[in-house]
Engineer: 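This is the structure I want to talk about, given as structure tokens.
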Amino acid sequence: MTEHRYRIMLVSLLLLTLPATALAQRGADVEILDEFTVEPDSLIVSVSATGVIEPERSVDLAFELSGPVANICGREDDDLAQRICIQEGDSVRQGDILAQLDADELEAAVREAEIALELQELALESLVAPPREVDIIAAEAAVAAAEASIPAAGFGPTREQVEIARVQAELSRNQLWQTQLNRDIILSTGREFYDGNVGEIQQEGAVSAAEFGVDIAEAQIEATIRSGGGAGAIASAEAQLVASQIALENLLEGPDDVDLLRFEIQLDQARLSLESARSALEDSQIAAPFDGVVAQYNLTPGEDPPVDQPAVQIIDNSAFYVELGIDESDVVDIAVGQSVSLRLDALPEAEISGTIERIAITPDPTSTTVVYRARVRLDPTEANVRVGMSTTATIVTRELNDVLIVPNRFIRVDRDSQQAFVTIQRPDERFEEIPVVLGERNAQISQIVSGVEPGQRIVQIPRETLGLGAVLDGPGEQPE
């Protein structure tokens with residue numbers, strides 16, 4: 001029993017001392033895969049992340065109306081002078097018409113509304129314009145004739161009364177002629193748009209009223225010729241005088257507030273109709289919202305626009321940016337305004353830089369790990385950068401000088417204890433794995449705080465020779 005217990009203790013002692021003795025190997029028996037001499041040097045600590053080049057702005061455009069796409073290429077009429085024939089890759093300016101639906105009826109509605117507005121403006125101008133001298137003279141003559149007819153009204157018609165009635169009839173005919181002329185002038189520019197329109201109804205109503213005035217004046221001639229004297233004739237003459245005076249006053253004083261308000265309301269309605277017609281026409285067009293480049297053009301003349309993709313996509317390529325996903329352990333080391341070095345897979349030789357523009361306050365909810373989105377705006381560059389190119393961004397967070405460094409490939413981390421080790425070659429040619437304390441590190445090298453001395457030779461030998469652990473391949477690498 002005593003001998004058996006002794007053997008167990010001996011085996012346990014050997015197991016406890018195995019790591020130290022197993023690391024001692026003769027140089028002649030070991031293949032050296034790589035070696036490194038420890039010396040003070042500089043260490044740049046950085047954060048790396050990948051992303052894709054994005055444009056300053058990007059917008060998908062679609063029509064507000066439905067209908068077949070018009071072919072606007074090669075049209076030369078003035079209304080379409082700014083329109084251009086678009087292809088993917090074309091540069092466009094803000095306001096350029098990129099596409100349009102067939103809209104002949106909408107364009108006709110705009111022209112009709114424009115003419116209606118012009119006519120309403122002319123009508124209002126005519127209403128508020130000062131009376132013409134010839135109209136004032138005619139109205140004053142009518143008043144004078146009415147006054148002259150009253151004394152003789154009780155004695156039957158005289159030659160002068162009959163002549164006055166004929167003059168009034170002639171004035172009524174002149175008024176009819178002027179009303180007809182005014183109607184023809186107003187409607188001559190757009191009669192085809194006014195069948196049944198309120199504007200034409202108003203003009204024809206004025207002509208009808210003037211024609212009725214002629215009929216009355218001619219009837220007055222007959223009544224004057226046939227009239228005898230008496231109270232009825234006197235009352236009729238006085239009524240004619242009052243009517244002539246009212247007509248003169250209205251001519252001199254101009255329209256009243258009610259008339260002005262009515263015409264102004266009609267003018268506002270004409271303006272609203274024009275705005276509505278123009279808005280409908282704009283909805284049948286797609287215009288560039290900013291200067292940029294056409295990235296997609298999914299339209300075919302004569303066919304309806306697609307429903308499962310944008311009609312036109314335009315991008316603003318005046319500047320570029322990259323969205324990076326920064327790990328939670330690294331986001332504390334970066335800040336807005338920091339400089340960023342960018343390496344594009346498609347342009348490996350190009351030196352492209354940028355600046356951190358913003359950092360998200362909360363993690364990205366779409367990521368399976370805790371990462372924060374950081375936007376990097378590219379600095380101006382002559383490189384042929386294109387949207388969608390892949391890039392790796394490097395952000396320098398710290399720079400250490402005169403520190404001992406070792407490439408990460410020479411470092412082994414114990415799986416259980418997380419203790420770091422390096423293998424050194426002793427002066428007697430033996431190899432020995434010793435523990436070290438690591439400091440800062442990046443993707444290639446790590447700072448050795450303690451455990452090795454300047455000038456020591458660190459080697460990399462086959463792992464099966466030591467039979468322990470895993471090599472640290474990069475920052476944060478965990479042993480397998």
Engineer: Contact between T391 and T50 at the side-chain level, heavy atoms closer than 4.5 Å - yes or no?
Structural biologist: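 When only atoms from C-beta onward are counted, T50 and T391 do not touch, as no gap falls below 4.5 Å.
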
Engineer: To the nearest 0.5 Å, what is the distance between CG (L344) and CG (L378)?
Structural biologist: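 So the gap between those two atoms works out to 7.5 Å.
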
Engineer: Once salt bridge (charged side-chain N to carboxylate O under 4.0 Å, His left out) is applied, what residue pairs with a partner in residues 325-337 remain, sequence neighbours excluded?
Structural biologist: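 Qualifying pairs: D333-R398.
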
Engineer: Closest approach of I395 and S339, non-hydrogen atoms and distance?
Structural biologist: CG2-O, 4.1 Å

Engineer: Testing R441, Q447, Q444, E399 one by one against L43 for a side chain to side chain contact (heavy atoms under 4.5 Å, CB included), which residue passes?
Structural biologist: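 Testing each of R441, Q447, Q444, E399 against L43, the sole residue satisfying side chain to side chain contact (heavy atoms under 4.5 Å, CB included) is Q447.
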
Engineer: How long is the straight-line distance from CZ of R386 back to CZ of F320, given to the nearest 0.5 Å?
Structural biologist: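 That separation rounds to 9.0 Å.
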
Engineer: Compare all side-chain heavy atoms of I314 with those of V293 and state whether any distance is below 4.5 angstrom.
Structural biologist: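 The answer is no; the side chains never approach within 4.5 Å.
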
Engineer: Rounded to the nearest 0.5 Å, what's the gap from CD1 on I434 to CZ on R426? Could you check?
Structural biologist: 6.0 Å

Engineer: Output yes when a side-chain donor or acceptor of E54 lies under 3.5 Å from a complementary backbone atom of G388, and no otherwise.
Structural biologist: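 No.
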
Engineer: Would you please name every residue forming a side chain to side chain donor-acceptor pair (under 3.5 Å) with E211, sequence neighbours left out?
Structural biologist: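 Scan of E211 (side chain to side chain donor-acceptor pair (under 3.5 Å), adjacent residues dropped) gives none.
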
Engineer: Quick check: do D291 and V92 have side-chain heavy atoms less than 4.5 Å from each other?
Structural biologist: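 No, their side chains stay 4.5 Å or more apart.
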
Engineer: Between P68 and D304, what is the shortest heavy-atom contact and its length?
Structural biologist: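 So the minimum-distance heavy-atom pair works out to N-OD1, 3.2 Å.
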
Engineer: Without swapping roles, check the side chain of S273 against the backbone of Q269 for a donor-acceptor pair under 3.5 Å.
Structural biologist: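 Here the side-chain-to-backbone pair exists.
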
Engineer: Looking at Q285 and E282, would you say the former's side chain and the latter's main chain have a donor-acceptor pair under 3.5 Å?
Structural biologist: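 Pair absent, no side-chain N/O of Q285 close to backbone of E282.
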
Engineer: Charged N to carboxylate O under 4.0 angstrom, E114 versus R278?
Structural biologist: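 Counted as a salt bridge, because a side-chain N and a carboxylate O are separated by less than 4.0 Å.
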
Engineer: Is it the case that the side chain of T423 and the backbone of E433 share a donor-acceptor pair, with hydrogens and angles ignored and the cut-off at 3.5 Å?
Structural biologist: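 Not at all, since once roles are kept as given, no pair shorter than 3.5 Å links the two residues.
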
Engineer: Is there a side-chain contact between L438 and I411 (heavy atoms, below 4.5 Å)?
Structural biologist: yes

Engineer: After noting the C-alpha distance and the side-chain angles of L267 and L117, does the key distance pass the side chain to side chain contact (heavy atoms under 4.5 Å, CB included) rule?
Structural biologist: CA-CA 7 Å; L267 184 60; L117 178 60; 3.6 Å; yes

Engineer: Please determine whether the number of non-hydrogen atoms from other residues, nucleotides or ligands lying under 6.0 Å from atom CD of E88 exceeds 12.
Structural biologist: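 More than 12 within 6.0 Å, yes.
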
Engineer: Do side-chain atoms of Q456 reach the backbone of E453 as a donor and acceptor pair under 3.5 angstrom?
Structural biologist: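 Looks like yes, one N/O pair under 3.5 Å.
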
Engineer: Is the backbone N or O of P310 less than 3.5 Å from a side-chain atom of D60, with the two atoms forming a donor-acceptor pair by type?
Structural biologist: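 Checked: no pair found.
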
Engineer: Is the closest side-chain donor-acceptor distance between Y321 and R375 under 3.5 Å?
Structural biologist: yes

Engineer: Are S58 and I315 close enough, and set up right, to give a side chain to side chain contact (heavy atoms under 4.5 Å, CB included), and what steps lead you there?
Structural biologist: CA-CA 4 Å; S58 177; I315 62 174; 3.6 Å; yes

Engineer: Can you check whether P55 reaches D316 side chain to side chain, under 4.5 Å on heavy atoms?
Structural biologist: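 The answer is no, as the side chains (C-beta and beyond) never meet within the 4.5 Å cut-off.
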
Engineer: Check this for me: E349, atom CD, are more than 12 non-hydrogen atoms of other residues, nucleotides or ligands nearer than 6.0 Å?
Structural biologist: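 Incorrect, the count does not exceed 12.
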
Engineer: Could you check whether any side-chain heavy atom of S48 comes within less than 4.5 Å of a side-chain heavy atom of N442, counting everything from C-beta outward?
Structural biologist: no

Engineer: Quick check: does any side chain N or O of D90 sit under 3.5 Å from a backbone N or O of Q87, one acting as donor and the other as acceptor?
Structural biologist: yes

Engineer: Which atom names give the shortest non-hydrogen contact between G67 and P305, and what distance separates them?
Structural biologist: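 Closest pair (atom of G67, atom of P305, distance): O-CD, 3.3 Å.
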
Engineer: Please find the pair of heavy atoms, one from T37 and one from G455, that lie closest to each other, and give the distance.
Structural biologist: CG2-O, 3.7 Å

Engineer: Measure the shortest side-chain to side-chain distance between E31 and I461 over non-hydrogen atoms and say whether it is less than 4.5 angstrom.
Structural biologist: no

Engineer: Any chance you could lay out the side-chain hydrogen bond (donor to acceptor under 3.5 Å, both in side chains) test for N408 and S446, step after step, and finish with the verdict?
Structural biologist: CA-CA 6 Å; N408 291 334; S446 295; 2.5 Å; yes

Engineer: Rounded at 0.5 Å granularity, tell me how far CG in L342 sits from CG in L324.
Structural biologist: 7.5 Å

Engineer: Does R57 make a cation-pi contact with F290, if we ask for NZ or CZ under 6.0 Å from the ring centre and within 45° of the axis?
Structural biologist: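 Geometry flag: set, cation within 6.0 Å and 45°.
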
Engineer: Check whether any side-chain N or O of T397 sits under 3.5 Å from a backbone N or O of V45 as a donor-acceptor pair, and report yes or no.
Structural biologist: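 Yes: the side chain of T397 pairs with the backbone of V45.
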
Engineer: Output yes when a side-chain donor or acceptor of D96 lies under 3.5 Å from a complementary backbone atom of L98, and no otherwise.
Structural biologist: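 It does not hold such a pair.
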
Engineer: Under the side chain to side chain contact (heavy atoms under 4.5 Å, CB included) criterion, do I359 and V331 qualify, and how do the steps go?
Structural biologist: CA-CA 9 Å; I359 303 171; V331 73; 3.9 Å; yes

Engineer: So, do F421 and V413 sit near enough that their side-chain heavy atoms are less than 4.5 Å apart?
Structural biologist: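 The answer is no, as the side chains (C-beta and beyond) never meet within the 4.5 Å cut-off.
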
Engineer: Between I448 and V38, does a side chain to side chain contact (heavy atoms under 4.5 Å, CB included) hold up when you go through it step by step?
Structural biologist: CA-CA 9 Å; I448 304 298; V38 179; 5.9 Å; no

Engineer: Hey, what do you get for CZ (R373) to CD1 (I361), rounding to the nearest 0.5 Å?
Structural biologist: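 Going from CZ on R373 over to CD1 on I361, the span is 15.0 Å.
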
Engineer: Which value, rounded to the nearest 0.5 Å, describes the distance between L176 atom CG and R173 atom CZ?
Structural biologist: 10.0 Å

Engineer: Looking at every non-hydrogen atom in both residues, tell me the closest pair between F63 and A99 and how far apart they are.
Structural biologist: CZ-CB, 3.7 Å

Engineer: Tell me if a side-chain donor or acceptor on S284 pairs with a main-chain N or O of L281 at a distance below 3.5 Å.
Structural biologist: yes

Engineer: Specify the closest pair of heavy atoms between I352 and A383, including all atoms of both residues, with the distance to one decimal.
Structural biologist: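 For I352 and A383, the tightest heavy-atom pair comes out as CD1-CB, 4.1 Å.
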
